[in-house]
Amino acid sequence: MQDKELLAVAKDLIAREIKICRNLRSLASRELEAIVIDGDIDELLRLFEKKDVLIDELRSLVNEWQNIFESDRVNFTGQILEIYPDDKELAALVSQTHELAGSIMQAEQEAITELDKYSSGLRSNMAKRVQGKNAAASYARMGGSII
């Protein structure tokens, strides 16, 4: 692949990655809303399915990078920056992907933390309900009336 063609392909791949990462970041924010605001597990599962599709798209991009460099290495943006160290547009695109990746990781960690809190609350609530039902059943067995 010629230099200009390689640079154009690399920029296209990175631009596609940015688009996918923006969508992933948006879904991570929506996950947080589904957990914290709505308590909507069905929506959360739908969001997980959408994220799976985007992650598959990222895997496809990795395959394209591997085909370009004929390598299993994963730091393709680092490799392309070594080839074109003076291309400011390329450097800006790579920087943008790194910022988005950091933002996604932070948002995912927040969503995981909130999901842990939510599920802990559910477990606690379920345990209280089970205890209440057990107490009511014991009371009824002892001849008491629940009504």
Side-chain angles (χ1 to χ4, degrees), residues 1-139 146:
M1 195 175 292
Q2 294 182 359
D3 279 352
K4 287 185 179 187
E5 183 183 355
L6 175 60
L7 182 60
V9 168
K11 286 180 181 179
D12 177 63
L13 288 173
I14 295 169
R16 288 169 42 202
E17 181 180 349
I18 289 170
K19 182 179 178 184
I20 293 167
C21 286
R22 284 183 178 149
N23 288 333
L24 279 171
R25 178 62 180 91
S26 174
L27 290 175
S29 294
R30 288 178 52 203
E31 280 177 14
L32 202 53
E33 289 175 19
I35 297 165
V36 176
I37 297 172
D38 303 327
D40 188 347
I41 298 302
D42 290 332
E43 174 66 8
L44 187 61
L45 294 174
R46 283 189 291 277
L47 293 170
F48 287 162
E49 289 173 2
K50 289 178 181 179
K51 282 175 48 180
D52 282 345
V53 170
L54 293 173
I55 290 168
D56 286 343
E57 289 179 28
L58 284 175
R59 285 187 187 115
S60 176
L61 286 178
V62 167
N63 290 336
E64 290 184 53
W65 279 112
Q66 288 174 334
N67 290 336
I68 288 170
F69 286 108
E70 298 176 355
S71 167
D72 289 337
R73 290 180 53 195
V74 291
N75 186 10
F76 303 111
T77 55
Q79 286 179 279
I80 201 71
L81 283 174
E82 287 176 12
I83 297 170
Y84 302 103
D86 298 327
D87 192 297
K88 302 221 183 294
E89 180 185 7
L90 179 66
L93 288 169
V94 169
S95 177
Q96 194 173 0
T97 62
H98 292 183
E99 289 171 16
L100 278 167
S103 175
I104 291 167
M105 296 304 290
Q106 182 179 352
E108 286 294 330
Q109 188 56 51
E110 289 172 13
I112 289 168
T113 299
E114 290 303 321
L115 186 56
D116 285 344
K117 288 179 192 175
Y118 181 81
S119 62
S120 176
L122 283 176
R123 281 190 298 274
S124 175
N125 195 4
M126 292 296 288
K128 287 177 186 174
R129 288 178 185 224
V130 167
Q131 285 176 339
K133 285 182 180 181
N134 289 342
S138 293
Y139 182 71
I146 296 177

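Residue numbers run from 1 in the order of the sequence given. Only this structure's heavy atoms are used, side chains among them; waters, hydrogens and symmetry mates stay out.
Q79 is not listed as a side-chain neighbour of W65, based on a closest heavy-atom distance of 4.5 Å or more. Between E57 and L61, the closest side-chain pair of non-hydrogen atoms is not below 4.5 Å. Within the 4.5 Å cutoff, side-chain heavy atoms of L13 are placed close to those of I68. Put simply, the side chain of V53 does not reach to within 4.5 Å of the side chain of K50, judged on heavy atoms.
Residues passing the side-chain contact (heavy atoms from CB on, under 4.5 Å) test with I83, sequence neighbours excluded: L6, F69, I80. Under the side-chain contact (heavy atoms from CB on, under 4.5 Å) criterion, I112 pairs with Q109, D116, sequence neighbours left out. For E114, the salt bridge (Lys or Arg N to Asp or Glu O under 4.0 Å) test picks out K117, with sequence neighbours left out. For S29, the side chain to side chain donor-acceptor pair (under 3.5 Å) test picks out R25, with sequence neighbours left out.
Among all heavy-atom pairs drawn from L81 and A91, the shortest one is CD2-CA, 3.8 Å. Contact detail for C21 and I104: the closest heavy-atom pair is O-CD1, 3.3 Å. The nearest pair of heavy atoms linking Y84 to K4 is OH-N, 4.4 Å. Among all heavy-atom pairs drawn from T77 and H98, the shortest one is OG1-NE2, 3.7 Å.
Within the structure, salt bridge (Lys or Arg N to Asp or Glu O under 4.0 Å) contacts touching residues 88-113 (residues at least two apart or in different chains) are K11-E89, K51-E108. Among residues at least two apart or in separate chains, salt bridge (Lys or Arg N to Asp or Glu O under 4.0 Å) pairs with a member in residues 40-49 are R30-E43, E43-R46.
With values rounded to the nearest 0.5 angstrom, L54 atom CG is found 5.5 Å from N23 atom CG. For the atom pair CD of E31 and CG of L45, the computed distance is 10.0 Å after rounding to the nearest 0.5 Å. Distance CD1/I20 to CD1/I55: 10.5 Å, rounded to 0.5 Å. Rounded to the nearest 0.5 Å, atoms CG (L90) and CG (L7) are 6.0 Å apart. With rounding to the nearest 0.5 Å, the separation of CG in L47 from CG in D52 is 11.0 Å.
A salt bridge links R16 with E64: the distance from a Lys NZ or Arg NE/NH1/NH2 to an Asp or Glu carboxylate oxygen falls below 4.0 Å.
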V62 and F76: side-chain contact (heavy atoms from CB on, under 4.5 Å), yes or no, with the steps? CA-CA 8 Å; V62 167; F76 303 111; 4.1 Å; yes
